[in-house]
There are 2 protein chains.
Amino acid sequence: MATGRTHRPATRSRGIPEATVARLPLYLRALTALSERSVPTVSSEELAAAAGVNSAKLRKDFSYLGSYGTRGVGYDVEYLVYQISRELGLTQDWPVVIVGIGNLGAALANYGGFASRGFRVAALIDADPAMAGKPVAGLPVRHTDELESIISDNGVSIGVIATPAGAAQQVCDRLVAAGITSILNFAPTVLSVPDGVDVRKVDLSIELQILAFHEQRKAGEETTPATTPAVSPAIAPKTTPAAPSRTAAGAGAPAGAGSRKGPDGDVPAVMPA
Amino acid sequence: MATGRTHRPATRSRGIPEATVARLPLYLRALTALSERSVPTVSSEELAAAAGVNSAKLRKDFSYLGSYGTRGVGYDVEYLVYQISRELGLTQDWPVVIVGIGNLGAALANYGGFASRGFRVAALIDADPAMAGKPVAGLPVRHTDELESIISDNGVSIGVIATPAGAAQQVCDRLVAAGITSILNFAPTVLSVPDGVDVRKVDLSIELQILAFHEQRKAGEETTPATTPAVSPAIAPKTTPAAPSRTAAGAGAPAGAGSRKGPDGDVPAVMPA
DNA sequence: ATGCCTTTGTGAACGCGTGCACAAAGATGG
DNA sequence: CCATCTTTGTGCACGCGTTCACAAAGGCAT
């Protein structure tokens, strides 16, 4: 998936492990589905299967919340939905601002999953004056100038950044200065924030690259391993023969990598980010 | 962030830890930025700062790839860009199909990060006949009927699912049957796939819920802890007084959670997923 | 050529997360 | 009321990932 905490080990919130917190929404979703089908109780085995996790892990996760199950029976669906919702803070309303109303921002604004679950889009903000006032997903786009007032007026504490990479840090700084303490970042940049501010990032290209890695690995193992000889199990010996000429190569333009044919593949294609 | 592997511990690909693989794209991005600025070499300390990680971690990560640095100097930027690109499989072309051209699918199709880095959108696929032929991001939308032929004709091995949750598993099954072995799932569902198929998921609402958890925690600690008494440090005693009446409560409609006022908060709001 | 200074590469310790396996708890039937 | 059967809750061990800290390596100045 495309998630990843940003440094700061999250300080083991109130004894609940971060890994468990990350799975609670998964359980909640499965439980909600059961609830809609009016299923009264569910065993750890069944629920684990629905959530795609190990049943022992699920039980241990729930044990951090308390003893909400009944031995020999399982868990009461409604009760568990309530407990997890409360634990995640979904029993209250969370106003959210989305900054950067391009293709992605508009898609997020229209995303149904936002409205439910206690999240409410308080405002859509964009730097383009031409966008101002234009309705997106039923809300008029506001200009960046209003960012600070919107946040303080609505008591917003969660911000979503969907701007281009170049603007992300600047927007982030303004959000933080305005009082935002949680940020969901869709821009392909590492954001630096002061302590006390949580950042989670969603990065499409990183996810794709991870998939490509495994894909390449599959291809290299199944077919002729000669096509990707670079993927040899042995660690390359130190002092790689092709490396040394660096001070000379790097001095000019980014042409070094292209012309350097290493001991492995010869595909030079290295393009900008 | 919004990522998360799906079961299957990834089998420690070729000795490179999964956690390291997940960071390589981050390093690559930072290195590419340096490359564009024609910076010849970079130290582990500098690069780590740019990527937002610990320098020791970065050095260990690189050590899995080989000894590409020079002691006393640092790493050659161009060379490292090439090595990481090759390791990630970005020196080859990866055709990708996007299924589900709604708001999100269209946003993804327009995403610039796709085109660069070796990923090429081979086709946009949607189930709505009205969408067929309509151009999105310069490509005509194809109908789902053509899914199998598109995949086999273009040798696509990576698929992106941006459909509603209800259709995701079905689309997934067809993609897998057609030969796809890597899936990036944006639909809020747990996909079940056969062994050998990698799934990564990007889930907006999960990310928001995780942020909400921490946000609630911050609020509960800083302000009056009385507003959210549920977040008491003590584990709830077993046999919670409100739980027992389950077979009766769950039998009807999902109204149990709403009326049940636990020992803590009284906000019942529990809405569908 | 020699010594100093910088930076890498990694051995080792630590901590978190996962999964096993089982005892305790409770429901259910006789 | 007792026996049996199901399912939870968790103690324990294992493995991965992170971090520290340092020796080895190489550049650079003298």
Side-chain angles (χ1 to χ4, degrees), chain A residues 4-5 7-13 15-24 27 40-49 51-76 79-80 235-240 243-248, chain B residues 4-13 15-24 27 40-49 51-76 79-80 235-240 243-247:
Chain A
R5 349 178 161 39
H7 28 83
R8 204 170 330 94
T11 61
R12 211 27 139 58
S13 317
I16 300 184
E18 188 60 25
T20 294
V21 173
R23 279 188 295 267
L24 289 181
Y27 302 146
T41 64
V42 65
S43 70
S44 64
E45 203 69 50
E46 294 166 330
L47 186 54
V53 302
N54 185 297
S55 70
K57 190 187 296 184
L58 178 144
R59 287 198 300 276
K60 180 147 292 192
D61 283 342
F62 285 174
S63 78
Y64 292 115
L65 309 183
S67 290
Y68 294 149
T70 305
R71 297 175 192 235
V73 176
Y75 299 91
D76 179 278
Y79 188 57
L80 205 46
I235 299 246
K238 307 195 178 192
T239 327
T240 335
S245 60
R246 70 170 46 90
T247 33
Chain B
R5 348 180 161 37
T6 310
H7 26 83
R8 203 172 329 96
T11 61
R12 207 35 134 56
S13 318
I16 299 185
E18 188 61 24
T20 295
V21 172
R23 279 187 296 267
L24 290 182
Y27 302 146
T41 63
V42 65
S43 71
S44 64
E45 203 70 48
E46 294 167 329
L47 186 55
V53 302
N54 185 297
S55 70
K57 191 187 294 186
L58 178 142
R59 287 197 301 274
K60 179 143 289 191
D61 283 342
F62 285 175
S63 78
Y64 291 115
L65 309 183
S67 290
Y68 294 148
T70 306
R71 298 175 192 232
V73 176
Y75 299 91
D76 180 278
Y79 188 56
L80 205 45
I235 300 244
K238 306 196 179 193
T239 330
T240 335
S245 61
R246 69 170 47 90
T247 33

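Side chains included, hydrogens not; waters and symmetry mates left out as well; all remaining heavy atoms used. In the text below, chain A, chain B and the rest are named by the order of the sequence lines, each starting its count at 1.
With values rounded to the nearest 0.5 angstrom, Asp61(B) atom CG is found 9.5 Å from Ile16(B) atom CD1. Separating the CZ atom in Phe62(A) from the CG atom in Leu47(A) is a distance of 5.0 Å, to the nearest 0.5 Å.
Between Thr41(B) and Asp76(B), the side chains place no donor N or O within less than 3.5 Å of an acceptor N or O (distance only, hydrogens not considered).
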Under 3.5 Å between N/O atoms: give me all the protein pairs with nucleotides 21-23 of chain C, atom names plus distance.
unit_1: dA21(C); atom_1: N6; unit_2: Arg59(A); atom_2: NH2; d: 3.3

Using the 3.5 Å cut-off, write out each protein N or O paired with an N or O of nucleotides 11-13 of chain D and the distance between them.
unit_1: dG11(D); atom_1: O6; unit_2: Lys60(A); atom_2: NZ; d: 3.2
unit_1: dC12(D); atom_1: N4; unit_2: Lys60(A); atom_2: NZ; d: 3.2

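Across dT18(C), dG17(D), dT10(D), the shortest atom-to-atom separation from the side chain of Ser63(A) is found for dT10(D). The Val73(B) side chain lies nearest to dG27(D) when the options are dA27(C), dG27(D), dT18(D). Looking at the side chain of Ala19(B), the nearest of the listed nucleotides dT8(C), dG17(D), dT18(C) is dG17(D). Distances from the side chain of Pro17(A) to the nucleotides dG26(D), dG17(C), dG17(D) place dG17(C) closest.
Rounded to an integer number of Å, the gap from OH of Tyr68(B) to P of dT8(C) is 16 Å. dT8(C) atom C1' lies 14 Å from atom CG of Leu65(B), rounded to whole Å. Between the NZ atom of Lys57(B) and the C1' atom of dA13(C) there is a distance of 17 Å, rounded to whole Å. Distance, Leu80(B) CG to dT8(C) P: 11 Å, rounded to whole Å. dG9(D) atom P lies 10 Å from atom CZ of Phe62(A), rounded to whole Å. For Glu46(B) and dT7(C), the CD to P distance is 8 Å, given to the nearest whole Å. Rounded to whole angstrom, the span from the CD atom of Glu18(A) across to the C1' atom of dT18(C) amounts to 16 Å.
No side-chain heavy atom of Leu80(B) sits under 4.5 Å from any side-chain heavy atom of Tyr27(B).
OP1 and OP2 of dT7(C) both lie 4.0 Å or more from every side-chain N or O belonging to Ser44(B). The shortest distance between the side-chain N/O atoms of Asn54(B) and the OP1/OP2 oxygens of dC20(D) is below 4.0 Å. Put simply, Tyr75(A) has a side-chain N or O that comes within less than 4.0 Å of OP1 or OP2 on dG9(D).
Residues Pro17(B) and Gly15(B) share a closest heavy-atom pair of CD-O, 3.3 Å.
Not counting sequence neighbours, the partners of Ser44(B) by the side-chain contact (heavy atoms from CB on, under 4.5 Å) test are Ser55(B), Leu58(B), Arg59(B), Tyr75(B).
Taking the six-membered ring for Trp and the full ring otherwise, the centers of Tyr79(A) and Tyr68(A) sit less than 6.0 Å from each other.
Each of Gly72(A) and Thr20(A) lies near DNA chain C, and the nucleotide nearest Thr20(A) is the one positioned closer to the 5' end.
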